[in-house]
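Reviewing the structure listed below.
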Amino acid sequence: MSDNASATDYRSTLNLPDTPFPMRGDLPRREPGWVEEWNEKGIYQRLRDARRGAPKFILHDGPPYANGQIHMGHAVNKILKDMITKARQLEGFDALYVPGWDCHGLPIENAIEKMHGRQLSRDDMQTKSRAYATVQIAQQMADFQRLGVLGAWDNPYKTMNYANEAGEIRAFKRVIERGFLYRGLKPVHWCFDCGSSLAEFEIEYADKHSSTLDVAFKAHESARLAAAFGLPALAKDAFALVWTTTAWTIPANQALNLNPAISYALVDAGERILLVAESLVAGCLERYGLAGSVIATTLGKNLAGLPFEHPLHDVDAGYRRLAPVYLADYATADDGTGIVHCAPAYGLEDFHSCRAQGMALADILNPVQGNGSYAAEFPLFGGQPIWQAVPLIIEALRGAGRLLATCDISHSYPHCWRHKTPVIYRAAAQWFVRMDEGEGVFTKDKADKTLRQIALQAIEHTRFYPENGKARLHDMIASRPDWCISRQRSWGVPIPFFLHQDSGELHPRTMEILDQAASIVEQGGIEAWSRVTAQDILGAEDAQHYTKSTDILEVWFDSGSSFSHVLRGTHPDVRHDSGPEADLYLEGHDQHRGWFHSSLLLASALQGRAPYRGLLTHGFTVDSQGRKMSKSLGNGIEPQEINQRLGAEIIRLWVAASDYSGDIAGDEKILARVVDAYRRIRNTLRFLLANVSDFEPAQDSVPFGQMLEIDRYALTRAAELQAEVLAHYEIYEFHPVVAKLQLYCSEDLGGFYLDALKDRLYTTAPKSLARRSAQTALHRITHAMLRWMAPFLSFTAEEAWKLFGGSDSIFLETYGTIAAADAGLLAKWARIRQIRDAVNKEIEVLRANGQVGSSLQARLRLSAAPEDHALLASLGADLQFVFITSAVELLAGDDLQISVRPSTDSKCARCWHYRSDIGQDSAHPRLCGRCISNLYGSGEHREHA
């Protein structure tokens, strides 16, 4: 052996992998460059051009509110939308996504008032609000793009765009024509902080501390009360008792409600006689600390019309009024006293009960003002905020001898979802969209069904992801009251009505005026309409008798009608020609009572169907303990900070890996696991890219039928996985894709195929069939993997795609075909892999005992039953490469027997196999025979592996 031969470095003779694709992604530094490149190259428009004429897929954006920096909930929402549109794009659809913003409404007004005070004129408020929203949108847009979201960023929709504002007025006109609009005085949710009515969508429930009161109403005609119970007379004063948690409504009481079918009792309780439901007598007496006995009973229906005096009747002349008994089914004997005190201005059931008894609207007492205080002239409590007046009311009742009990409780109570403060029901003249039968104003083309019926039917034609969303939305529509759509604010689309100063009736030219208003707004925005006077529109004569309405449409009308003026107006390409305009609406599950809800009602009103074909809901972002992320708790993770520290790709992978049908948990530990998962995927991708760096598919690809069997299996397995991936994408599932991709990288590739492939890739001749067969498989697998991961690992997929020298973007591609299905091949290699796993366990025993280092140092003897023996024997001499051992002896047997022992042969300096033929070539004494052949001869023959 020569000294030169012994010193030769055979590493240089190996086909070692090489790629510029770095092991570390350096995501925070490099991602902004991809965003900039996508914008500069107009990738979104390039995608549109590439799919021109293809079937459309339209995800209509539920607009985030243009106020403040985006938080992680925004990031989750936008990334989900982006993943879905990209997956559909890769499937071959023309997948359009126009981002939008909700721009009107109270939060922006609040922000302006904090900056400039509360005394701004309407014009000034509108001007400053528009400017503020513009700044907020620019900030949020940059953050959304930084997350890798592709969309029509150069042409988004904004509800404050003049065309959208005008489109909203036109949609409002169509609601009127269909007979769904009416004006009514009825109790609506009212927020004192908003200074406006609220819709059901804007209400959330939270605990509130209240005082309960048991209040006595003295019978005004005791003889009539006695007669109703079949008694000749009453020996002492009698009192009807009510129980309430809204002490502030007692001063506005106008009636008592009893259930006609419940048995009521007169109870002798010492100094007075009490009237309560018979079944509640014992509980009431215990609560009052009294002893008593029932002296008579009768059904509630026999007490109708009996008058009782207001509890403060004798305290102030302003309360010298009577509360008659009305019969109502909503009075129950479940708790309290079985008698409900009725203040019709402050409760829907109370309102309907009093109206049903003939009470005129003008007679309804409504002393609570929009700011939450009683009117200044209101007796005893004038000018007092209602919550602060509660102790005063309690003391007044106690002083009058009408308070039998009081205590403090915590109970679920409606709150404004913006201000998180308690709201009340308050009667106000408002505009309503009617859910059930009734007459509307200026009806021209009346719908043949009620709005409730149309909406419920539309739900039946909608797909829900997850399916439980259907029942939730159905129940909300089935039980919701009429929709109050008017608001008493400045920054919003106007309700362009003129009301007669005496009758309150709309001007007879209202429908024409709506068209005129839409045209004015389309030219100059809502500000232009604000500057218009009654004389400008009606002429001098009519203007004397009409008042211009200052109400605006509530903000849910803005976003809820966006399908009409965006998908059928400002963005005409983003629509289906027939049927629902959008394939999918996607928002958090709270939008069953928000955007999903208002959009469904308006589309049902305008065109008799839903605006969407499918609804997808996701959960909230929470910490690892399940607590909703919030600034007050300090448990949130901010997307801006994660972008700078870890990269947006990590946020995207976290979103994709989470089951969004429930709440989405995130914290530093969870993100650390996501980083590890990303690294595993990236390293696998790097191995694939490195081993095809010298592969030119046009000239080096091996036809499928000529490829080695294990390579054909690898492609067939990839095709099987692709079918699973696309099935998940079809129903908008991502977390199973991420899980399967990770498993594929670690087990199918890293744990088996790539492991078995290294010897062939590194040691065979560079252009040999054996190596080119492997590279053909790797190249196709890489192509497929990049497409699978592109919807969620968009930056990484695009980075890797550039190294392939393909089109300008991975998103211009489609999934394509990898290989034909071959169940027999999959089954054969699945069994081989099972046997291989069993062999590896035995090798690990030797490794743990220090008897072998790598598996190549092991000699393997297998005894196998006929079926397994035939399976293994079919691989011939290539069997050793599957098990990555230097030698395999295969014997026939009754069952699988595995024997592993260390090899006694020498180790080849180049391929590291332990072989008996090392040194047969004196020129290369450290090489085995197959390495000699691969380097200097015809090359070894590989057929299976």
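- Note on ring orientation: taking the six-membered ring where Trp is involved, the planes of F378 and F381 are tilted (angle from 30° to 60°).
- Ring geometry for H313 against H220 counts as tilted: the plane angle lies between 30° and 60°, on a 0 to 90° scale.
- Note on K470 versus E460: salt bridge recorded, some NZ/NE/NH1/NH2 to OD/OE distance being below 4.0 Å.
- Around the CD atom of E286, the shell of radius 6.0 Å holds no more than 12 heavy atoms that belong to other residues, nucleotides or ligands.
- Remark: aromatic rings of H189 and Y425 are close, center separation under 6.0 Å.
- A heavy-atom distance below 4.5 Å is not found between the side chains of W243 and C284.
- Under 4.0 Å is where a charged nitrogen must lie from a carboxylate oxygen, and between R272 and D237 no such pair does.
- In this structure, H589 contributes its side chain and G619 its backbone to no donor-acceptor pair below 3.5 Å.
- Note on D482 versus K186: salt bridge recorded, some NZ/NE/NH1/NH2 to OD/OE distance being below 4.0 Å.
- Taking the six-membered ring for Trp and the full ring otherwise, the centers of F308 and F217 sit at least 6.0 Å from each other.
- At a threshold of 4.5 Å between non-hydrogen side-chain atoms, the residues K208 and W387 count as touching.
- Distance alone, capped at 3.5 Å, places no donor-acceptor pair between the Y346 side chain and the F351 backbone.
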Would you sort out whether D350 and Y330 count as a side-chain hydrogen bond (donor to acceptor under 3.5 Å, both in side chains), showing the intermediate values?
CA-CA 9 Å; D350 293 358; Y330 75 89; 2.5 Å; yes

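- A salt bridge links K420 to E204: one of the charged nitrogens lies within less than 4.0 Å of a carboxylate oxygen.
- Distance alone, capped at 3.5 Å, places no donor-acceptor pair between the S486 side chain and the D551 backbone.
- Between the side chains of S604 and R609, no donor-acceptor pair of N or O atoms lies under 3.5 Å.
- A donor-acceptor contact shorter than 3.5 Å links the side chain of T462 to the backbone of A458.
- In terms of modelled atom types and a separation under 3.5 Å, the side chain of Q430 and the main chain of C484 share no donor-acceptor contact.
- Side chain of Q254 to main chain of L365: a donor-acceptor pair is present (N/O by atom type, distance under 3.5 Å, no hydrogens or angles).
- Side-chain atoms of N77 and H618 include a donor-acceptor pair closer than 3.5 Å.
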